[in-house]
Amino acid sequence: MKLITFEGIEGVGKSTQINLVLDWLKTKGFSTKLLREPGSTIFGEKIRELLLSKDSNISAHTELLLMFAARSEMIKEHLMDSREDFILCDRYFHASIAYQGYGRKLSLDLINLLINSVNCPIPDLTIIYDLDVKAGFKRKTNDVIDRIESSGINFFEDVRKGYQQLAKERSEVEIVDASESIECISQQTKLLVERLI
Ligand code: TMP
């Protein structure tokens, strides 16, 4: 099984790219599974609702720990002993480093400790779609803004810097310029995925 995860701030076009690569892998005859974080299990989807609800007045630590509670269930249910050729996951632990670490300013050591303690498998490939924060939000004008999306421009500037830093530091991470056309981004995405085939 190859695990590919997709990351980026709001409005980078992550979902579009995931669906394009998923269809492409299916037409090549590979078995695939699509997951999202937080979520992908019954328990994880309940946690997702809590995390994204504007009624949840929670601390940054609670936010981080809930992300890992959902993640732990997803790993147990979907990643351990998986028989799929490819698992594609819409966000994973890199999001905790970018959002809770760089965005909320929680300890990166604590986050790395959680990553190790929960035994998070390291993805074979993590693609970060990089885009100017304001350009990302402009693309999302029709959507209802959730609790995390309401965190402000400065927060998302820090999250973006976190993702850029991850691309420098971690060997599984590749960064793709999300200001290009959908077709061009898809082409680059497929070239990266092709290396795993
Ligand atoms: P999305 O997957 O629909 O973009 O929504 C998930 C939100 O949760 C998004 O704002 C990013 C955020 N998030 C974190 O803050 N930390 C995490 O570890 C994960 C997986 C997501």
Side-chain angles (χ1 to χ4, degrees), residues 3-19 22 34-41 43-79 87-108 110-123 126-131 133 135-137 139-163 165-166 170 172-173 178:
L3 173 62
I4 308 176
T5 64
F6 298 81
E7 299 279 355
I9 56 161
E10 324 303 306
V12 293
K14 204 165 34 76
S15 307
T16 307
Q17 293 302 326
I18 294 173
N19 285 312
L22 192 72
L34 175 61
L35 303 172
R36 68 168 178 181
E37 275 216 321
S40 300
T41 65
F43 185 74
E45 290 294 330
K46 286 184 185 163
I47 293 182
R48 181 187 177 91
E49 266 185 57
L50 285 173
L51 277 164
L52 299 188
S53 165
K54 281 192 174 166
D55 295 336
S56 299
N57 185 10
I58 55 174
S59 73
H61 276 105
T62 302
E63 183 178 279
L64 173 72
L65 294 170
L66 286 175
M67 293 292 174
F68 272 90
R71 180 163 300 135
S72 174
E73 291 306 305
M74 187 195 77
I75 291 169
K76 188 183 69 182
E77 193 168 318
H78 295 292
L79 300 191
I87 293 190
L88 308 191
C89 193
D90 186 343
R91 299 191 186 281
Y92 190 42
F93 66 69
H94 303 80
S96 297
I97 299 173
Y99 280 75
Q100 281 68 52
Y102 285 83
R104 303 276 192 234
K105 313 283 182 230
L106 295 183
S107 153
L108 294 179
L110 169 63
I111 299 171
N112 283 316
L113 186 74
L114 287 166
I115 292 170
N116 292 329
S117 310
V118 174
N119 288 323
C120 296
I122 307 293
T126 294
I127 303 176
I128 294 176
Y129 296 101
D130 182 58
L131 185 66
V133 174
F137 273 100
R139 291 181 182 178
K140 283 189 73 93
T141 41
N142 295 330
D143 291 10
V144 179
I145 301 287
D146 65 40
R147 188 185 64 82
I148 296 178
E149 286 166 346
S150 315
S151 302
I153 294 290
N154 290 343
F155 171 80
F156 283 100
E157 294 288 0
D158 289 340
V159 173
R160 183 184 183 200
K161 279 185 205 137
Y163 275 135
Q165 190 60 28
L166 280 170
R170 297 190 64 109
E172 76 276 15
V173 176

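Atoms within each ligand, like the ligands themselves, are counted from 1 in listed order. Note that these values count all heavy atoms, side chains included, but never hydrogens, waters or copies made by symmetry. For this chain, numbers begin at 1 and follow the sequence in order. Everything quoted here is computed from the prediction, not taken from an experiment.
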For ligand 1, note which part of Glu149 has a heavy atom under 4.0 Å away: side chain, backbone, both or neither. neither
Nearest non-hydrogen contact with atom 3 (O) of ligand 1 belongs to which option: Arg36, Glu10, Arg48? Arg48
Against heavy atoms of Glu37, which atoms of ligand 1 measure under 4.0 Å? 2 (O), 20 (C)
Is there any N or O on Glu63 that sits under 3.5 Å from an N or O of ligand 1? no
Using side-chain contact (heavy atoms from CB on, under 4.5 Å) as the criterion, point out the one residue from Leu3, Asp90, Leu88, Leu79 that pairs with Leu35. Leu79
In terms of residue, atom name and distance, what is the protein heavy atom nearest to atom 8 (O) of ligand 1? Ile148 CD1, 3.7 Å
Considering all heavy atoms of both residues, which atom of Pro123 and which atom of Tyr92 are nearest to each other, and what is their separation? CG-CD2, 3.7 Å
Nearest protein heavy atom with distance in Å, relative to atom 18 (O) of ligand 1: Ser96 OG, 2.6 Å
Using 4.0 Å as the upper bound for N to carboxylate O, is an ion pair formed by Glu49 and Lys46? no
Does a salt bridge link Arg36 with Glu45, judged by any charged N lying under 4.0 Å from a carboxylate O? yes
Tell me the protein heavy atom at minimum distance from atom 7 (C) of ligand 1, and give that distance in Å. Leu52 CD2, 3.9 Å
Identity and distance of the protein heavy atom lying nearest atom 13 (N) of ligand 1: Met67 CE, 3.4 Å
Minimal non-hydrogen separation, His94 against Leu166, with atom names: O-CD1, 3.6 Å
Protein contact to atom 20 (C) of ligand 1 [nearest heavy atom, distance to 0.1 Å]: Arg71 NH2, 3.4 Å
Is it the side chain (CB and beyond), the backbone, both or neither of Arg91 that lies under 4.0 Å from ligand 1, heavy atoms counted? side chain
For the 3.5 Å polar cut-off, considering only N or O atoms, please tell me whether Gln100 and ligand 1 meet it. yes
Hey, does the Lys NZ or Arg CZ of Arg71 hover above the aromatic six-ring of Phe68, less than 6.0 Å from the centre and inside 45° of the axis? yes
Smallest separation among heavy atoms of Arg48 and Pro38, with atom names: NH1-O, 3.0 Å
With only distance considered, is Asp146 within less than 3.5 Å of ligand 1 through an N or O on each side? no
Kindly give the heavy-atom pair with the smallest separation between Ile115 and Phe93, and that separation in Å. CD1-CD1, 3.5 Å
